[in-house]
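Take this structure first; my questions come after.
The structure presented is a predicted model; accordingly, all values stated were derived computationally and were not measured. Proteins get letters first, then strands, A, B, ... in listed order; numbering begins at 1 in each.
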Number of protein chains: 2
Amino acid sequence: MSAQRARIAEAMLGMPGAFTAEDLHRRVIEVTPGIGLATVYRALAAMQESGAIATVGDRHGSTLLARCERHDHHHHLVCTECGSVVGIDCPLGDAALISAERAGHLVTRHEITLYGLCAICRARADGDA
Amino acid sequence: MSAQRARIAEAMLGMPGAFTAEDLHRRVIEVTPGIGLATVYRALAAMQESGAIATVGDRHGSTLLARCERHDHHHHLVCTECGSVVGIDCPLGDAALISAERAGHLVTRHEITLYGLCAICRARADGDA
DNA sequence: CACTAAGTGAGAAAGATTCTCATATTGGGA
DNA sequence: TCCCAATATGAGAATCTTTCTCACTTAGTG
Ligand SMILES: [Mn+2]
Ligand SMILES: [Mn+2]
Ligand SMILES: [Zn+2]
Ligand SMILES: [Zn+2]
C-alpha cells in the first residue's frame, strides 16, 4: 500500500460522519500537503470496492460517503443536520417482498436509506424551539 | 401551460420505463424539432415537483427517471435489464424502525428502491440459459 | 387589446468525476 | 541487495450532466 493511501485511510477514519471527496481531500492535505484530489478519488473507489465506505446520499451534487464498521450487507440512517451515520440491519419489509412477488420480479439488489435527525440534533432542535 | 410542456408531457407518457433527460429530449424532438434540452430539464423539474415522475436510479452518471401513476408516497421496483418500473407500497420494515428508535433518531424521510429482473426479462434469461 | 408573469432556446458556465501521461513507488523474486 | 513488472501518483486536461444567463416570445388575465 502506498504512503498516500495510508494517509487517506487515516484521514477517512477521522471523519466524523458523512463526507464528500473534497471534504476528505481537505483533511488529508492539512496533514500531508501535496496529495492530489485524483488520488483521493482513486483511494475512495478502492475503499468502496472493499466495503470500507458506502454512499449515503448526496450534497448539492457531490456524493456523500461514510465509513462502515460492518462490511457485510446493511443500510444507513443519516442525520441531515450533522451528517452522523449509523449502520442498520434492514431486511426488506413484507410489503415490498409481496409487491415484488406479485409482479413476478426477481429482486437482486435493494437500497434503503433513512434520513432524519440523530438523538443529539433532535435534542438541540427541541431546545431551540 | 406552454405548447412545449404539453409535448414534453406527451412524450414522457410514451416512455416505456426508466429514462434520462436526454432520452426524453431525443423522443421529444422526433415529434417536435427545436425544443431545447434546457426546456426538457425545466419541465422535468416541474413534473418531479408535482409527483408525476420520480428518480429511480442512475445510468452512467445520468439521473434515471420514471413516470408515476401514483402521486402519493411510494417506492419503486426497477428492472435493470429493460428499465420497466413498478410502483410499490413499502413501509419501512420493523427492523429499520427498531434500529432508528434504539439510536434515538427521528426519521423524516426514507428512500427504498428494489432492483432486479421483471417477469418478462426473467423468463427471457431462463430461456437463454 | 395590454400587461405581467412565466417560459423558451442557445450557448455559456458550473461542478463533479474521470482520464491522460510522464514519472515515481511498491513489493516480490532472483 | 538489486531488478522489474505492476501499480500508484500529481497536475491538469477532458468529459459530461445539469444549471444558469439573457434576450426574446408566449400564456393568461382582465
Ligand atoms: Mn455502513
Ligand atoms: Mn412511482
Ligand atoms: Zn445529527
Ligand atoms: Zn425487464
By the ring-ring contact (aromatic ring centres under 6.0 Å, His included) test, which pairs, at least two apart or in different chains, include something from residues 89-129 of chain A?
A:His73-A:His110, A:His75-A:His110

If the condition is salt bridge (charged side-chain N to carboxylate O under 4.0 Å, His left out), which residues does A:Arg59 pass it with, not counting sequence neighbours?
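Testing A:Arg59 for salt bridge (charged side-chain N to carboxylate O under 4.0 Å, His left out), a comparison that skips the adjacent residues, returns A:Asp23.
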
For residues 40-48 of chain B, dump all side-chain donor-acceptor pairs below 3.5 Å to protein atoms at least two apart in sequence or in another chain.
from, atom 1, to, atom 2, distance (Å)
B:Arg42, NH2, B:Thr39, OG1, 3.4
B:Gln48, NE2, B:Thr55, OG1, 2.8

Which residues, ordered by chain and number, are linked to B:Val31 in its hydrophobic cluster, where ILVMFWY side chains connect at heavy-atom gaps below 4.5 Å, directly or through other members?
none

May I ask you to list the residues of residues 50-67 of chain B, by number, that have any heavy atom positioned under 4.0 Å from an atom of DNA chain C?
none

According to a strict under-4.0 Å criterion, is A:Tyr41 in side-chain N/O contact with OP1 or OP2 of C:dT17?
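Affirmative; the distance criterion is met.
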
Under the rule for side chain to side chain contact (heavy atoms under 4.5 Å, CB included), what residues qualify as partners of B:Met15, not counting sequence neighbours?
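Side chain to side chain contact (heavy atoms under 4.5 Å, CB included) list for B:Met15, sorted by chain: B:Phe19, B:Leu24, B:Arg27.
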
Only pairs under 3.5 Å count here: list side-chain donor-acceptor contacts from residues 81-102 of chain B, not counting sequence neighbours, and write none if there are none.
from, atom 1, to, atom 2, distance (Å)
B:Asp89, OD1, B:Arg70, NH1, 3.1
B:Asp89, OD1, B:Arg70, NH2, 3.0
B:Ser99, OG, B:Ala95, O, 3.1

Reading nucleotides 22-30 of chain D from the 5' end, what letters show protein touch, with B for base, S for backbone sugar-phosphate only, - for no heavy atom under 4.0 Å?
-----SS--

Kindly write out the residues that satisfy side chain to side chain contact (heavy atoms under 4.5 Å, CB included) with B:Ser62, not counting sequence neighbours, or none if the list is empty.
B:Thr20

Near DNA chain D, counting only heavy atoms under 4.0 Å, which residues of residues 11-20 of chain B show up?
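Correct list: empty, so none.
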
Salt bridge (charged side-chain N to carboxylate O under 4.0 Å, His left out) against B:Glu10, all qualifying residues, sequence neighbours excluded
none

Once you build an axis from the first five pairs and another from the last five of the helix from C:dC1-D:dG30 to C:dA30-D:dT1, how far apart in angle are they, to 10 degrees?
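The angle, to the nearest 10 degrees, is 30°.
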
